[in-house]
Peer 1: 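Got a structure for you, questions after.
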Amino acid sequence: MATSISATGFQGGFGTSFKGSWGASIVGEDYAMLIKSVPNHVGVGKPVKLPPMMKNVNEGKGVFAPIVVITRQVIGKKRFNQLRGKAIALHSQVITEFCRSIGADPKQRQGLIRLAKKNGERLGFLA
């Protein structure tokens with residue numbers, strides 16, 4: 001019973017590398033060796049904790065968010081981030097000058113800057 005298939009170059013019968021019967025491969029020495037190779041218990045390590053991502057929870061929300069998103073798309077992300085950085089720096093300087101004029105200490109100044117950031121997030125300036 002010789003078979004030839006010219007497309008794959010296969011000639012001869014359908015051979016297999018399987019020797020013996022299914023029962024012989026599970027019972028006897030093979031089964032004992034299989035049982036020995038399987039561990040009795042499996043250790044579970046600590047779950048991998050991902051580092052926290054710095055992300056605006058109000059992203060895309062707020063009155064000014066659509067304007068901010070459109071502006072970023074029009075002028076490009078790099079230029080937009082430069083302008084945003086300059087605006088934030090200028091706003092921090094205004095807060096610092098205000099704190100100097102009323103005699104507020106640095107801790108109160110830092111609190112005002114944090115409050116300004118939270119308000120900017122809520123209004124959509126940091127979208």
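When a residue number appears, it is its place in the shown sequence, counting from 1. If you're wondering where the values come from, they're calculated on a predicted model, not measured in any experiment. Computed from heavy atoms alone, side chains included, the values below leave out hydrogens, waters and symmetry copies.
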Peer 1: Tell me every residue that passes ring-ring contact (aromatic ring centres under 6.0 Å, His included) with F64, counting only those two or more places apart in sequence or in another chain.
Peer 2: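 Once residues adjacent in sequence are excluded, the partners of F64 under the ring-ring contact (aromatic ring centres under 6.0 Å, His included) criterion are F125.
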
Peer 1: Does the pair I75 and L83 meet the rule for a side chain to side chain contact (heavy atoms under 4.5 Å, CB included), with working shown?
Peer 2: CA-CA 10 Å; I75 67 172; L83 289 173; 3.7 Å; yes

Peer 1: Enumerate the ring pair (Phe, Tyr, Trp, His ring centres under 6.0 Å) contacts for residues 102-124, please, sequence neighbours excluded, ordered by first and then second residue.
Peer 2: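 Listed once each, the pairs would be none.
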
Peer 1: By the salt bridge (charged side-chain N to carboxylate O under 4.0 Å, His left out) test, which pairs, at least two apart or in different chains, include something from residues 95-111?
Peer 2: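 Every pair satisfying salt bridge (charged side-chain N to carboxylate O under 4.0 Å, His left out) with a residue in residues 95-111: E97-R100.
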
Peer 1: What is the distance from atom CD of Q82 to atom CZ of R79, rounded to the nearest 0.5 Å?
Peer 2: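 Between Q82 CD and R79 CZ, I get 5.5 Å after rounding to 0.5 Å.
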
Peer 1: Identify, with sequence neighbours excluded, every residue that meets side chain to side chain contact (heavy atoms under 4.5 Å, CB included) alongside R114.
Peer 2: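 Partners of R114 under the side chain to side chain contact (heavy atoms under 4.5 Å, CB included) test: Q110.
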
Peer 1: Determine whether L126 and V68 make a side-chain contact, defined as any pair of heavy atoms from C-beta on separated by less than 4.5 Å.
Peer 2: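 No, their side chains stay 4.5 Å or more apart.
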
Peer 1: Just wondering, do V74 and F80 contact through their side chains at under 4.5 Å, heavy atoms?
Peer 2: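 With C-beta onward as the side chain, the pair stays apart.
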
Peer 1: How would you list, by chain and number, every residue that makes a side chain to side chain contact (heavy atoms under 4.5 Å, CB included) with A116, sequence neighbours excluded?
Peer 2: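 H91, I95.
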
Peer 1: Which residue pairs pass the salt bridge (charged side-chain N to carboxylate O under 4.0 Å, His left out) test with at least one member in residues 82-91, sequence neighbours excluded?
Peer 2: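 Qualifying pairs: none.
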
Peer 1: Going by side chain to side chain contact (heavy atoms under 4.5 Å, CB included), name the residues that satisfy it together with K77, two or more places apart in sequence or in a different chain.
Peer 2: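 Partners of K77 by the side chain to side chain contact (heavy atoms under 4.5 Å, CB included) criterion, ordered by chain and then number, come out as R72, N81.
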
Peer 1: Please collect all ring pair (Phe, Tyr, Trp, His ring centres under 6.0 Å) contacts where either partner lies in residues 93-121, sequence neighbours excluded, each pair once.
Peer 2: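 Sorted pair list comes back empty.
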
Peer 1: Identify the heavy atoms of V63 and P66 that sit nearest to each other, and give their distance.
Peer 2: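 Scanning both residues completely, I find the closest heavy atoms to be O-CD, 3.6 Å.
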
